[in-house]
Amino acid sequence: MQEVRTRFAPSPTGFMHLGGLRSALYTYLFAKQNGGKFILRIEDTDQERFVEGATEVIYDTLRGCGIIWDEGPDIGGDYGPYIQSERKSLYLPYAKQLVEKGAAYYCFCTKEELDERRAACEAKGEVFKYDKHCLHLSKEEVQAKLDAGIPYVIRMNCPTTGETAYDDMVFGHLSFPNDTLDDMILIKTDGMPTYNFANVVDDHLMGITHVIRGMEYLSSTPKYNILYDAFGWEIPKYIHLTTVMRDAQHKLSKRDGDAYYSDFIEKGYLKEALINYLALVGWNPGDDREFFTMDELIQAFDVSHLNKSPGIFDVNKLTWMNGQYIAKMDFEEYLKMATPWFDKVLAGKGMDYRRLAELMQGRTEVFCQIPDMIAFLAKMPEFDPSLYVHKKMKCDETVAKENLEMILPVLESVVNWTEQNLHDTVMAAIEASGKKNGAVLWPLRIAISGQANTPGGAFEIAYLLGRDETLKRLRSALEKLH
RNA sequence: GGCCCCGUGGUCAAGCGGCCUAAGACACCGCCCUUUCACGGCGGUAACCCGGGUUCGAGUCCCGGCGGGGUCACCA
């Protein structure tokens, strides 16, 4: 059986779009699952869009996520070079070969002429399609223009009748009327191939067996197939992937800051969680499993479980999943990753980060939420005394005042400020007073934190705050209750 | 607009003619646990876009409508 070879062919724009990342993931999974090769190819035929350092972004993102290529620009391979601009000289002869066969032709129409005709067409409410104007130039006429140095492009010669059909492994049998096909440009004026052409040539030359890409190519695929046929090349198998959406009518976009891998990493999402979640947008394992390592994904991946309808990227669920990953991560690793976020509000406070991290790890869903969650440790927030009211704790403002007055001297008596001492001393005092635990501990926590939700109970918070700060906050809270 | 794709709860989704008075997950709500929250446990609200067929029987097949998306570049 033929070895499976798949490829991910991004353009170096400087950012990794999540949709692209997911395509890369699936492409990688498919290759690995079939014991095949995954190839990375950089598509930079558009010189105007070249961005410095953009290929490194692609390398780092992919590798960081565990999507490892077997052949690519930086590691080579038997089918190089793997950067399209370095293959520049390779395409023209193929285009000429097509011209020989009558499957393509030189076109001397200028951009301006085309724009004019397009505008005229659209004014009439019609769809512009190249009118094969230059197809009818004689060989001599073409040669004369070529000799005169007139700029040209090479266009493919699409059939205008009949239809072209193909089978997609996700969408099934698809067929398109040929009269809707446009004679797309293969070679641009600058001599560079268009994406469309380079893709076909490269995929063939690199022995790609399965083309996996976004469904935006669904309707241009017939043209590619016509090209393959013209060359007499074998058409690869197609796996078109649905678009990843933000909601039913919008794609993930740059403007909303939810489109790029880096957007999420900067907010404190874990790449493992991101990959895991991304795998599940538009695909399911056929059972209830949701958590996957890369190896497990390779095992479980199955094209037949790829969805045909667009998937919405649910940040909510990603966030939940991220929290699950964080809760399970190695503590030291968590501490290391959380420290810069702690520093944002606690730098220089001498806070016990290790203890803080223990309390926070199980409550962190995304690292960027940390500063808001612990800001109260740095500065006592203003709070409404109604926070003291809690029915289940049998507490209201009056009870709070009474119990806080009772507990203040108890805390003042604690010299060795450890959680254990705090706990033992306070609990003993509560028991001696005959009061309910909650009726004392609830207002105590409120008094020193100023908020209903905190990463830990009264003892933990008191410990983190330290003796002086705790007592200061408690006295101040008491004053406000008068 | 032409062509193409898609259409199960708010979201992800199982379902590939009878097992569906439709799974599971996120979110939401309630209860339990707990010094709060979270975690965990238990329970709940919530869906087959509409209309025609085909069939003994349709969420599942076909057609139409509607809705959403994609594509119509010397961008990739």
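In the text below, chain A, chain B and the rest are named by the order of the sequence lines, each starting its count at 1. Since the structure is predicted, the reported quantities are computational estimates derived from the model, not experimental observations. Just so it is clear, the values below take in all heavy atoms, side chains as well, and ignore hydrogens, waters and symmetry mates.
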Could you tell me whether the phosphate oxygens of [N], OP1 or OP2, come under 4.0 Å of any side-chain nitrogen or oxygen in [X]?
{"X": "A/Arg118", "N": "B/A73", "value": "yes"}
{"X": "A/Lys188", "N": "B/C75", "value": "yes"}
{"X": "A/Lys111", "N": "B/C74", "value": "no"}

Do other residues, nucleotides or ligands put more than 12 heavy atoms under 6.0 Å from the [atom1] atom of [X]?
{"X": "A/Lys129", "atom1": "NZ", "value": "yes"}
{"X": "A/Lys435", "atom1": "NZ", "value": "yes"}
{"X": "A/His133", "atom1": "NE2", "value": "no"}

How would you label the contact of [X] with the nucleic acid (heavy atoms, under 4.0 Å): base, sugar-phosphate, or nothing?
{"X": "A/Cys395", "value": "nothing"}
{"X": "A/Leu318", "value": "nothing"}
{"X": "A/Gly457", "value": "base"}
{"X": "A/Ser175", "value": "sugar-phosphate"}

Worksheet, complete the sentence: Of A/Trp320 and A/His423, the one whose nearest nucleotide on RNA chain B sits closer to the 5' end is A/Trp320
Worksheet item: Quick one: on RNA chain B, does A/Lys129 or A/Glu460 contact a more 5' nucleotide (nearest heavy atom)?
Response: A/Glu460
In whole angstroms, how far is the [atom2] atom of [N] from the [atom1] atom of [X]?
{"X": "A/Arg213", "N": "B/U71", "atom1": "CZ", "atom2": "C1'", "value": "13 Å"}
{"X": "A/Arg289", "N": "B/A14", "atom1": "CZ", "atom2": "C1'", "value": "14 Å"}
{"X": "A/Glu43", "N": "B/A76", "atom1": "CD", "atom2": "P", "value": "9 Å"}
{"X": "A/Met245", "N": "B/C6", "atom1": "CE", "atom2": "P", "value": "15 Å"}

For [N] versus [M], give the span between their [atom1] atoms, rounded off to a whole number of Å.
{"N": "B/G44", "M": "B/G7", "atom1": "P", "answer": "30 Å"}
{"N": "B/C12", "M": "B/C28", "atom1": "C1'", "answer": "16 Å"}
{"N": "B/G10", "M": "B/C4", "atom1": "P", "answer": "31 Å"}
{"N": "B/A76", "M": "B/U71", "atom1": "P", "answer": "15 Å"}
{"N": "B/A27", "M": "B/A47", "atom1": "C1'", "answer": "16 Å"}
{"N": "B/C48", "M": "B/U36", "atom1": "C1'", "answer": "42 Å"}
{"N": "B/A25", "M": "B/C50", "atom1": "C1'", "answer": "29 Å"}

Response to the item:
Exactly one candidate in A/Val414, A/Ile461, A/Thr470 meets side-chain contact (heavy atoms from CB on, under 4.5 Å) with A/Leu422; the answer is A/Val414
Worksheet entry | Nucleotide nearest A/Asn196 when distance is taken to its side chain, options B/U35, B/A76, B/C74 | B/A76
Worksheet item: Which of these nucleotides, B/C5, B/C74, B/G1, is closest to any side-chain atom of A/Thr189?
Response: B/C74
Fill in: Within residues 179-186 of chain A, residues whose heavy atoms come under 4.0 Å of RNA chain B
A/Thr180, A/Ile185
Does [N] pair with anything, Watson-Crick or G-U wobble, both distances under 3.5 Å, and if so, with which nucleotide?
{"N": "B/G1", "result": "B/C72"}
{"N": "B/A25", "result": "B/U11"}
{"N": "B/G64", "result": "B/C50"}

Fill in: Pair A/Glu405-A/Lys401, salt bridge (charged side-chain N to carboxylate O under 4.0 Å, His left out): steps then yes or no
CA-CA 6 Å; A/Glu405 274 167 350; A/Lys401 181 167 184 290; 3.3 Å; yes
Throw together a table of side-chain donor-acceptor distances under 3.5 angstrom for residues 385-395 of chain A, partners on residues two or more places apart or in other chains.
unit_1, atom_1, unit_2, atom_2, d
A/Ser386, OG, A/Asp384, OD1, 3.0
A/His390, ND1, A/Lys392, N, 3.2
A/His390, ND1, A/Met393, N, 3.1

Show each protein N/O and nucleotides 9-13 of chain B N/O combination with a separation under 3.5 Å, one pair to a line.
unit_1, atom_1, unit_2, atom_2, d
B/C12, OP1, A/Ile312, N, 3.4
B/C12, O2', A/Leu280, O, 3.3
B/A13, OP1, A/Gly282, N, 2.5
B/A13, O3', A/Asn284, ND2, 3.0

Worksheet entry | Sidechain N-carboxylate O distance under 4.0 Å for A/Glu469, A/Arg473 | yes
Item to complete: Please assess A/Glu419 against A/Arg355 for the test salt bridge (charged side-chain N to carboxylate O under 4.0 Å, His left out), listing each intermediate value before the final yes or no.
Response: CA-CA 11 Å; A/Glu419 272 179 44; A/Arg355 182 62 185 136; 2.5 Å; yes
Item to complete: Check whether the side chains of A/Asn276 and A/Tyr325 place a donor and an acceptor atom closer than 3.5 Å, and report yes or no.
Response: yes
Discussion item. Quick check: any donor-acceptor pair below 3.5 Å linking the side-chain of A/Tyr195 to the base of B/A73?
Written reply: no
Practice prompt. Could you tell me whether the side chain of A/Lys392 has a donor or acceptor atom within less than 3.5 Å of a complementary atom in the base of B/U34?
Written response: yes
Worksheet item: Sub-3.5 Å donor-acceptor pair from the side chain of A/Trp417 to the main-chain atoms of A/Ala462, do we have one?
Response: yes
Worksheet item: Using 30° and 60° as the class limits, which term best fits the ring planes of A/Phe15 and A/Tyr260: parallel, tilted or perpendicular?
Response: parallel
